[in-house]
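Data first, discussion second: the structure below is written as structure tokens.
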Amino acid sequence: MEQGILTVQCDSRRGIVAAISTYLSEAGCNITDSAQFDDKETGQFFTRIAFDSEKGTTTSTLDEGFAAVAEPFGMTYAFHDSKSRMKVLIMVSKFGHCLHDLLFRWRIGALPMDIVGVISNHLEYQKEVVNHDIPFHYIKVRPETKAEAEAQMMRIVEDTGAELVVLARYMQVLSDDLCRKMSGRIINIHHSFLPSFKGANPYKQAYHRGVKLIGATSHYVTADLDEGPIIEQDIARVTHAQSAADYVAIGRDVESQVLARAVHAHIYQRVFQNGDKTVVFPASPGSFAPEPPT
Ligand SMILES: Nc1nc2c(c(=O)[nH]1)N[C@@H](CN(C=O)c1ccc(C(=O)N[C@@H](CCC(=O)O)C(=O)O)cc1)CN2
């Protein structure tokens, strides 16, 4: 049995859900999970529908047939085969906690994706990555070599067919051009509860501000540093007796969890860009149960 996901975004109007559900039913598909959001402010409608294709119709065939349904509504849509695994490239600098957390969740099947490579501007994690049978790419970055370093990164994206790039504490600002080319396909973890404390050293900024909560934010990367559409956030409590170094230690778990949740949402097609914001639908039943290690 083929299992698939249909994602749709269009201007809101009556009849959308009826048209979609009629098409899927007539194509032999049983809807197993569905979520929708009607944004009254922007007039945009979003839906994510999970289905079992009882006749074994492939998502590509469904995609072709759906064009006639989509056209009158001006739908932007996509059919995704639930068995296909997104190709993901991870980038890291000196702090490896998010990288290790992603590698662990990947190994136990909690993040069903294909990690096609890890890129770093440092050598700290080369051994761990290679021990996971994942290609490691060392791309040193200096101010005068940033353009060539990004060209190298893009060659790796193209050669591997990477569909998503995850900045797991990669501490280099990406160029406007790269952000445009990869719009909606680069996820970053920022170690503050945005919009507070953008840029470098957010924990030091937070310490000097005397906060009682620190946080982490995962967002799509845009040319405007740490201002991309937010996907996931969380917080942790701190006290007057703790230092900025304590914040770094307390923040590690929050950062790792927030990034993993954002990656999970993206690879399961649960995130829609809604202007400068996102719509994030809940996980379908069973999508957190790790597959047995192979
Ligand atoms: N174009 C964008 N690039 C990056 C973003 C983004 O939102 N848009 N997020 C950052 C991550 N980040 C905070 O989360 C961040 C990383 C690096 C810096 C910074 O000032 N880096 C210096 C070099 C620092 C070093 O070499 O150690 C620089 O690039 O000149 C600020 C914020 C990832 N990139």
Side-chain angles (χ1 to χ4, degrees), residues 88-99 101-102 117-125 137-154 156-157 162 164-209 211 214-236 244-245 247-263 266 271 273 275-278:
V88 178
L89 197 57
I90 300 175
M91 297 183 70
V92 64
S93 292
K94 284 189 173 172
F95 293 94
H97 51 288
C98 293
L99 168 67
D101 180 76
L102 290 173
V118 172
I119 294 175
S120 182
N121 54 330
H122 296 278
L123 286 165
E124 266 83 349
Y125 306 110
H137 307 273
Y138 172 54
I139 302 181
K140 190 160 181 54
V141 183
R142 289 191 303 276
E144 64 276 14
T145 65
K146 272 209 170 187
E148 172 45 33
E150 286 197 352
Q152 258 186 278
M153 177 194 156
M154 278 312 292
I156 294 168
V157 168
L164 175 67
V165 175
V166 178
L167 306 185
R169 291 300 303 275
Y170 181 72
M171 301 310 284
Q172 291 296 321
V173 177
L174 302 181
S175 67
D176 296 7
D177 186 45
L178 178 58
C179 293
R180 256 191 308 280
K181 276 185 203 158
M182 298 285 289
S183 176
R185 293 169 55 201
I186 306 179
I187 291 177
N188 179 56
I189 182 69
H190 181 70
H191 37 312
S192 84
F193 195 81
L194 290 174
S196 299
F197 312 130
K198 293 173 193 160
N201 304 312
Y203 288 133
K204 201 173 283 184
Q205 296 177 56
Y207 174 76
H208 289 299
R209 182 64 187 79
V211 300
I214 58 171
T217 303
S218 194
H219 62 91
Y220 287 114
V221 166
T222 63
D224 300 319
L225 192 62
D226 301 327
E227 296 199 2
I230 290 173
I231 305 167
E232 174 62 309
Q233 295 185 290
D234 210 335
I235 55 163
Y247 292 7
V248 170
I250 294 164
R252 281 192 202 107
D253 291 344
V254 187
E255 294 166 43
S256 300
Q257 263 207 335
V258 165
L259 182 57
R261 286 182 206 147
V263 171
H266 185 92
V271 189
Q273 294 212 33
D276 294 336
K277 303 190 288 184
T278 64

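Both ligands and their constituent atoms are indexed starting at 1 by order of listing. Just so you know, these numbers come straight off a predicted model, no measurement behind them. Along the sequence shown, residues are numbered consecutively beginning with 1.
Residues passing the ring-ring contact (aromatic ring centres under 6.0 Å, His included) test with His191, sequence neighbours excluded: Tyr203. Every residue meeting the salt bridge (charged side-chain N to carboxylate O under 4.0 Å, His left out) condition with Lys181, not counting sequence neighbours, appears here in chain and number order: Asp177. Contacts of His190 classified as ring-ring contact (aromatic ring centres under 6.0 Å, His included), with partners at least two apart in sequence or in another chain: none.
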Problem - Derivation and outcome, side chain to side chain contact (heavy atoms under 4.5 Å, CB included), residues Leu174 and Leu167 - result: CA-CA 10 Å; Leu174 302 181; Leu167 306 185; 4.0 Å; yes
Per-pair distances, ligand 1 N/O vs protein N/O, less than 3.5 Å:
residue: ligand 1; atom: 1 (N); partner: Leu174; partner atom: O; Å: 2.9
residue: ligand 1; atom: 1 (N); partner: Thr222; partner atom: O; Å: 3.2
residue: ligand 1; atom: 3 (N); partner: Leu174; partner atom: N; Å: 2.9
residue: ligand 1; atom: 7 (O); partner: Asp226; partner atom: N; Å: 2.8
residue: ligand 1; atom: 8 (N); partner: Thr222; partner atom: O; Å: 2.8
residue: ligand 1; atom: 9 (N); partner: Asn188; partner atom: ND2; Å: 3.4
residue: ligand 1; atom: 9 (N); partner: Asp226; partner atom: OD1; Å: 3.4
residue: ligand 1; atom: 14 (O); partner: Asn188; partner atom: ND2; Å: 3.2
residue: ligand 1; atom: 14 (O); partner: His190; partner atom: ND1; Å: 2.8
residue: ligand 1; atom: 21 (N); partner: Met171; partner atom: O; Å: 3.4
residue: ligand 1; atom: 26 (O); partner: Gln172; partner atom: NE2; Å: 2.9
residue: ligand 1; atom: 29 (O); partner: Lys146; partner atom: NZ; Å: 2.9
residue: ligand 1; atom: 29 (O); partner: Val173; partner atom: N; Å: 3.0
residue: ligand 1; atom: 34 (N); partner: Gln172; partner atom: O; Å: 2.8

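Lys146 NZ: more than 12 foreign heavy atoms inside a 6.0 Å radius.
You'll find the side chain of Ile187 reaches within 4.5 Å of the side chain of Tyr220, heavy atoms only.
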